[in-house]
Amino acid sequence: GNNNRLLITNSGAVFVGANATIGNSGSGHEITLSGGSLTVTNAAGTGTLDVRRGTLTLNSGTISVNQFVANNGGNSVVTFNNGTLNTGGTTVSNGVVFTVGDGSQAATLSLQGGTHNFANGLVIASNAQVRGAATIGGSVSNNGAINPGASIGVMTVQSNCTQNSGGALAIEIGGIGSNDVLAVGGAATLGGALNVTNVNGFTPALSNAFTILTAQTVSGAFAATNL
């Protein structure tokens, strides 16, 4: 059929204990969250939300899935304005950049381990963030915040990573040999802010050194360093 729509608002909650597909066939199918939650998971940890032939809009609230898929070209439409998307693995190949946030609201892409592939790249808008210890396939452009780790851990970007003037890299240090790392497989272009926070009661000495960023090449510099 066509034009099937699901709207979740306020404290509404939908739980799917298997896989969920937006539009196996037809057109005009929609799921919109304006509050509440949508959870897609199963006992095997393979519950998949597949945006196949329709639109997923996250205006607020929380989506939690084992796997998030939008790989049917222009038929897979995702609009991530606000709220939180928790995902254990991601495949996005719909011909457009995957953008977290609308530039004003506080959107969060929380990577629960695993690999997250964005064929056309990942953009973090102002006031938005990407966090977690996971691997990102595709280039990243940061205008908001990158928060590696969960809490201490490594976020790997397999391609290039650019931090623009409005972006920030948030690093936690919990001891000698225990700190967040952003590992970039390609070129890292720096700008914006570096924000470093001590956790677990750790107080570093002036002689301590910490590796927080690795890359094939590094250019630019952080405009502000907040320790």
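Given the structure is predicted, the values throughout are model-derived calculations rather than measurements.
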Which pair of non-hydrogen atoms, one from [X] and one from [Y], has the smallest distance, and what is that distance?
X	Y	value
Ser159	Ser139	CB-N, 3.8 Å
Asn127	Gly103	ND2-O, 3.5 Å
Ala215	Gly186	CB-O, 3.7 Å
Ala107	Phe80	CB-CE2, 3.8 Å
Ala168	Asn195	CB-ND2, 3.7 Å
Pro148	Gly153	CB-O, 4.2 Å

Does the [X] side chain pair with the main chain of [Y], one donor and one acceptor, at a distance under 3.5 Å?
X	Y	answer
Asn42	Ala44	yes
Asn10	Gly12	no
Gln163	Leu169	yes
Asn226	Val196	no
Thr87	Gly89	yes
Asn142	Gly167	no
Asn94	Asn72	no

Examine [X] and [Y] and state if one hydrophobic cluster contains both, with Ile, Leu, Val, Met, Phe, Trp and Tyr joined whenever side-chain heavy atoms are less than 4.5 Å apart.
X	Y	value
Leu33	Val77	no
Ile171	Ile176	yes
Ile31	Val100	yes
Leu190	Ile212	yes
Leu85	Leu6	yes

Does a donor on one side chain and an acceptor on the other come within less than 3.5 Å for [X] and [Y]?
X	Y	value
Thr203	Asn198	no
Asn66	Thr41	yes
Asn59	Asn82	no
Thr156	Gln158	no

Exercise for the section: In sequence, state the C-alpha distance, the side-chain angles, and the governing distance for Val97 and Leu122, and then conclude on side-chain contact (heavy atoms from CB on, under 4.5 Å). Expected result: CA-CA 6 Å; Val97 173; Leu122 172 65; 6.0 Å; no

Determine whether [X] and [Y] make a side-chain contact, defined as any pair of heavy atoms from C-beta on separated by less than 4.5 Å.
X	Y	result
Ile173	Val199	no
Ile136	Thr90	no
Val181	Val154	yes
Ile146	Cys161	yes
Val184	Asn160	no

From [X] [atom1] over to [Y] [atom2], what is the distance, rounded to the nearest 0.5 angstrom?
X	Y	atom1	atom2	value
Thr39	Asn86	OG1	CG	8.5 Å
Ser37	Ile63	OG	CD1	9.5 Å
Phe68	Thr91	CZ	OG1	10.0 Å
His116	Met155	NE2	CE	9.0 Å
Leu182	Leu194	CG	CG	10.5 Å
Asp180	Ile152	CG	CD1	4.5 Å

Handout entry: CA sep, side-chain torsions, deciding dist, call: Thr197, Glu172, side-chain hydrogen bond (donor to acceptor under 3.5 Å, both in side chains)
Key = CA-CA 5 Å; Thr197 303; Glu172 293 181 329; over 6 Å; no

Practice task
With side-chain contact (heavy atoms from CB on, under 4.5 Å) as the test, would you mind laying out the steps for Val40 and Val16 before giving the verdict?
Solution key: CA-CA 5 Å; Val40 182; Val16 180; 4.3 Å; yes

Problem - Identified side chain to side chain donor-acceptor pair (under 3.5 Å) counterpart of His29 within the set Asn2, Asn4, Asn24 - result: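 In the set Asn2, Asn4, Asn24, the residue that makes a side chain to side chain donor-acceptor pair (under 3.5 Å) with His29 is Asn4.
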
Problem - Parallel, tilted or perpendicular: ring planes of Phe98 versus Phe118, cut at 30 and 60 degrees - result: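 Rings of Phe98 and Phe118: tilted, as their planes differ by 30° to 60°.
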
Exercise for the section: Take Val96 and Asn120 through the test side-chain contact (heavy atoms from CB on, under 4.5 Å) and record every step on the way to the result. Expected result: CA-CA 6 Å; Val96 296; Asn120 299 99; 5.7 Å; no

Practice task
Go through the steps for Phe15 and Leu38 under the test side-chain contact (heavy atoms from CB on, under 4.5 Å), then give the verdict.
Solution key: CA-CA 6 Å; Phe15 177 86; Leu38 170 63; over 6 Å; no

Atom pairs and distances, donor-acceptor, side-chain atoms in residues 48-56, under 3.5 Å, two or more places apart:
{"residue": "Thr48", "atom": "OG1", "partner": "Thr46", "partner atom": "O", "Å": "3.1"}
{"residue": "Arg52", "atom": "NH1", "partner": "Asn71", "partner atom": "OD1", "Å": "3.4"}
{"residue": "Arg53", "atom": "NE", "partner": "Gly26", "partner atom": "O", "Å": "2.9"}

Exercise for the section: Give me the one residue out of Thr108, Leu109, Val140 that meets side-chain contact (heavy atoms from CB on, under 4.5 Å) with Val130. Expected result: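 Among Thr108, Leu109, Val140, the one meeting side-chain contact (heavy atoms from CB on, under 4.5 Å) with Val130 is Leu109.
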
